[in-house]
Amino acid sequence: MYDDGIDLDAVRTDTPGARERIFLDSAGSSLPPEPVLRETISHLRRESEVGGYRAAAERADDLDKGYAVAAGFFGCQPDEIAFTESATRSWLNAFTSVPLAEGDRVLITEAEYGSNAVAIYHRARMVGAQVDVVPSDSTGTLDVAALRELLDERVKLVSLVHAPTNSGLVNPVREAVDAAHEAGALVLLDACQSAGQMRVKADETGADMISATGRKWLRGPRGTGILVVRQGLQLAPTQIDQHGATWSIPDGVELRPDARVHELWESSVADRLGLIAALRYADQIGIDAIERAVRARADALREGLAAIPRVQVHDIGSVRSGIVSFTVDGIGAMDVKSALQAKRITVSASGAHGALLDMTLRGLTEFVRASPHYFVDHEQISTFLETVSDLICV
Ligand SMILES: *Cc1c(COP(=O)(O)O)cnc(C)c1O
């Protein structure tokens with residue numbers, strides 16, 4: 001059994017799906033706990049009774065407190081938080097607010113996420129900027145010394161991925177941010193796979209902007225995201241509405257001075273309340289306990305898989321996340337996923353597109369991903385490992 005400070009009975013009572021299935025896809029879209037469901041569903045019901053405007057007005061205080069809750073979670077100020085519809089929306093808003101002109105450079109890493117990469121390459125081509133990839137060291141970790149060598153005054157942005165989508169890697173964010181800042185570049189941190197499974201504190205990472213999603217390790221509703229923008233950055237988004245700006249004189253607009261300039265007026269209030277409940281839930285358990293619990297489960301998975309003949313674990317890096325990626329000789333990733341699904345085990349299967357640079361460099365075209373959250377118990381991990389073994393024997 002695990003000795004990690006998680007009250008397994010309590011969290012599993014809050015998560016009925018964790019008992020009915022062996023759920024190993026918190027890096028994809030996790031199981032929201034009961035308090036998140038209650039908050040979301042009860043608000044939808046209230047909207048059906050009194051209409052969306054009045055229902056939102058009744059929760060105005062809670063919605064406002066949500067900024068402080070998110071700020072506490074990310075170790076920043078409430079006015080440095082914007083709520084969005086996804087991590088990608090957060091990331092795109094941040095990215096497109098960084099001025100980029102012909103001759104400028106953007107640095108990305110081998111762990112760059114697919115959607116970020118397409119946005120960067122597309123915009124760089126449109127404005128005539130240059131994109132360079134920072135190589136990794138022999139362990140697969142972002143090489144901070146190599147980053148330093150690539151930095152110069154033309155680099156306007158360094159795009160970092162804290163924990164990539166396709167390997168167990170955790171990148172050394174602080175060292176990379178310090179190097180970027182010394183060269184005068186801004187840093188946008190993709191914390192989509194780290195927020196909710198390990199500490200992501202704005203001051204500790206040093207990043208200028210941080211994007212995160214609700215639906216993965218935070219266990220919030222789908223269609224929710226968070227953007228942290230540090231104070232004083234003065235970056236204007238390219239897309240604003242009357243929530244982010246005031247139309248005070250016919251030909252002039254005044255932008256909000258805080259991170260909420262990145263929000264649009266319309267949003268799903270029920271989902272926002274659900275996300276705030278998810279942040280509170282994670283706080284209540286404690287992010288350090290969550291991190292220990294996720295790591296213990298992922299390590300057990302990794303070790304167990306590595307011991308099965310014809311199974312290859314593809315994790316890289318010296319610090320590991322809760323994402324375990326593997327392949328099975330002679331069985332395609334989709335087939336492994338389907339076979340496990342038939343046994344009530346949920347994992348995900350992906351091609352190379354999510355992290356094309358890393359996958360191409362390692363000669364991988366697809367992989368199966370198992371990502372256990374703290375609500376997965378020891379017995380379930382053993383059952384998962386036995387089931388994978390059985391796949392090979394038949
Ligand atoms: C899932 C993922 C995203 C995108 O998150 P959305 O919520 O789909 O916008 C971004 N970066 C990484 C590393 C991811 O794994």
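Not measured: the values here are computed from a predicted model. Numbers for residues simply follow the sequence, beginning at 1. Ligands are counted one by one from 1 in listed order, and the atoms in each one are counted from 1 as well.
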Enquirer: Heavy-atom count around K156 NZ within 6.0 Å, excluding the residue itself: above 12?
Expert: yes

Enquirer: Ignoring angles and geometry beyond distance, decide whether T213 reaches within less than 3.5 Å of ligand 1 through its nitrogen or oxygen atoms.
Expert: yes

Enquirer: Examine ligand 1 and decide if any of its atoms is less than 4.0 Å from a heavy atom belonging to H162.
Expert: no

Enquirer: Starting from atom 11 (N) of ligand 1, find the nearest protein heavy-atom neighbour and note its residue, name and distance.
Expert: D190 OD2, 2.6 Å

Enquirer: Do S194 and R199 have side-chain N/O donor and acceptor atoms under 3.5 Å apart?
Expert: no

Enquirer: Which protein heavy atom lies closest to atom 1 (C) of ligand 1, and at what distance to 0.1 Å?
Expert: K216 NZ, 1.3 Å

Enquirer: Check each atom of ligand 1 against the heavy atoms of C192 and keep those under 4.0 Å away; list them by number with element.
Expert: 1 (C), 2 (C), 3 (C), 4 (C), 5 (O), 10 (C), 11 (N), 12 (C), 14 (C)

Enquirer: Report yes or no: is the cationic atom of R297 (NZ for Lys, CZ for Arg) under 6.0 Å from the centre of the six-membered ring of Y374, at an angle within 45° of the ring normal?
Expert: no

Enquirer: Using distance alone, decide if ligand 1 has a nitrogen or oxygen within less than 3.5 Å of any nitrogen or oxygen in R89.
Expert: no

Enquirer: Are more than 12 heavy atoms from other residues, nucleotides or ligands located less than 6.0 Å from atom CD of E149?
Expert: no

Enquirer: Tell me: protein heavy atom nearest atom 8 (O) of ligand 1, and distance?
Expert: R215 NH1, 3.1 Å

Enquirer: Could you verify whether a donor N or O on one side chain and an acceptor N or O on the other, from R369 and T165, lie under 3.5 Å apart?
Expert: yes

Enquirer: State, without any angle test, whether T224 and E85 hold a side-chain donor-acceptor pair at a distance under 3.5 Å.
Expert: no

Enquirer: Answer side chain, backbone, both or neither: which part of T88 comes under 4.0 Å from ligand 1, heavy atoms only.
Expert: both

Enquirer: Looking only at distance, does T165 have an N or O less than 3.5 Å from an N or O of ligand 1?
Expert: yes

Enquirer: I need the contact type for A87 against ligand 1. Using non-hydrogen atoms and a strict under-4.0 Å cut-off, is it side chain, backbone, both or neither?
Expert: both

Enquirer: Any sub-3.5 Å donor-acceptor pair from S371's side-chain atoms to S26's backbone N or O?
Expert: yes

